[in-house]
Amino acid sequence: MIEVKRQFNLKFQSQERFIELGLSLLVGLLLAGLVVFSPDLPLPSSWQWLVLIIPFAFAIVVIFNNLEKLILAAIVIGVPLNLDISVIISPYSRNPDNLAMGYRTLIATTELRLSFVFIMLVIGYVLWLVRPRTLGLKPFKFFATTTLPALGFIFFSILSVTQAQDLELAFFRIAEILEVFLAYFYLVNHIRSVKDMQFFILVALGGMAVEATIIILQWSTDFSISLAGLSTVSEGVGREGGTLGHTGPAGGFLSTLALIAFAMVWGFPQLKHKAFAVVCMCLGIIGLVGTGSRIGWAGFAVTLTAFIFVQLRYRWVSKSTLIILLFVITAIGTIFFGAIYERLTADD
């Protein structure tokens, strides 16, 4: 009986590998085709051949690793990568001022873009739907308290199209909202354990550390990247956008992840992960200063204050650790006080 069950599981595991491999090759070739044949690409022609490697890279990962974890990692890393392909381009995106300043965030609202995150979501959802239930995959959960408000927001966004002066731009915006919802719904159904959450947060903090390092290098040197659709943006001295396209999104991204790193000093059970969180927090805060994003700074300060107040009130964390981390943050603020003061008093 045990041998029959083992053979049964092996059979379905081989089917699962076959499905994963086929999906990776299919979606990778689709992406490669879009890059090669689309006339409006952010890629120089000399780099287009690199995208042809994608399906084979996926195949290698599938053979030697877990595709579900790869998809989770790709979704969170896809945000700072900011890789996408223009599918439909509105005349508004050709605004010379926006193009000259490199405002990809503003340009993105006037284009329908096929993003790296969306491609990974397609792989994830198809794999989710076709995977045999005998492999132990739990049915999806709806999470009504968060999903219903999100669906309500999407419904009224679609309804508001009736009043839109430009239907095309309204459609672009709704497509972005739907992509965010699909990412949310996939994540809440695939992060099912503490181990899954730790993996997701570790990858997110690693991506933030890389992005923060890029911004720090931009800020301190003439460092820049322009490779295979990935490019850095700078809006002047002390206003670096990294690969996120604008200082506003860069500031929001770093402030959020730096605060998560701060919290995970207590959240991670292992000492090596706690140390990693501290390093990521320091890099994130320095990178946040380098963005010059005052709204990012304000968000970080307000949320940090609220976090400290709650922790002290309910005594969920040790005061000594909290004092040490606050000292580190204060020290970073003191070192870069001149840049912070200059930006706060500047008149745009």
Would you be so kind as to tabulate the donor-acceptor pairs closer than 3.5 Å made by side chains of residues 301-320, with sequence neighbours excluded?
{"unit_1": "Thr303", "atom_1": "OG1", "unit_2": "Gly299", "atom_2": "O", "d": "2.8"}
{"unit_1": "Thr305", "atom_1": "OG1", "unit_2": "Ala301", "atom_2": "O", "d": "2.8"}
{"unit_1": "Ser318", "atom_1": "OG", "unit_2": "Thr321", "atom_2": "OG1", "d": "2.7"}

Backbone N/O of Gly287 and side chain of Trp219: donor-acceptor pair under 3.5 Å: no
What's the verdict on side-chain contact (heavy atoms from CB on, under 4.5 Å) for Val328 and Cys282, showing C-alpha distance, side-chain angles and the deciding distance? CA-CA 8 Å; Val328 171; Cys282 294; 3.7 Å; yes
Flag, side chain of Thr291 to backbone of Gly241, donor-acceptor distance under 3.5 Å: no
Backbone of Val233 reached by a side-chain donor or acceptor of Gln218 within 3.5 Å: yes
Any chain of hydrophobic side-chain contacts (each under 4.5 Å) joining Val180 to Leu114? no
Should the pair Tyr184 and Phe181 be assigned to parallel (<30°), tilted (30 to 60°) or perpendicular (>60°) ring geometry? tilted
Any chance you could lay out the side chain to side chain donor-acceptor pair (under 3.5 Å) test for Ser90 and Glu111, step after step, and finish with the verdict? CA-CA 6 Å; Ser90 167; Glu111 295 182 1; over 6 Å; no
Flag if over 12 foreign heavy atoms under 6.0 Å of CZ, Phe223: yes
Ignoring hydrogens and angles, tell me if any N or O in the side chain of Thr147 forms a donor-acceptor pair with the backbone of Phe142 under 3.5 Å. yes
Judged by atom type as modelled, is there a donor-acceptor pair below 3.5 Å linking the side chain of Glu211 to the main-chain atoms of Leu254? no
Should Leu283 and Ile324 be counted in the same cluster of Ile, Leu, Val, Met, Phe, Trp and Tyr side chains packed under 4.5 Å apart? no
State plainly whether one hydrophobic cluster holds both Leu178 and Tyr186, where clusters connect Ile, Leu, Val, Met, Phe, Trp and Tyr through side-chain heavy atoms under 4.5 angstrom apart. yes
Report whether Phe337 and Leu326 are members of the same hydrophobic cluster (ILVMFWY, side-chain heavy atoms less than 4.5 Å apart, transitive linking). no
Under the side-chain contact (heavy atoms from CB on, under 4.5 Å) rule, what do Ile88 and Glu168 come out as? Steps first, then yes or no, please. CA-CA 9 Å; Ile88 303 175; Glu168 186 177 59; 3.7 Å; yes
Run the ring-centre check on Tyr125 versus Trp128 and record whether the distance is less than 6.0 Å. yes
Is Arg343 reaching over with its side chain to a backbone N or O of Gly292, donor-acceptor style, under 3.5 angstrom? yes
Worked check of side-chain contact (heavy atoms from CB on, under 4.5 Å) between Lys195 and Phe199: CA-CA 6 Å; Lys195 189 175 180 180; Phe199 169 78; 5.9 Å; no
Mind checking whether Val194 and Val265 sit in one hydrophobic cluster, side chains of I, L, V, M, F, W, Y counted as touching below 4.5 Å? no
For Lys141, is there any backbone N or O sitting under 3.5 Å from a side-chain donor or acceptor partner on Asn189? yes
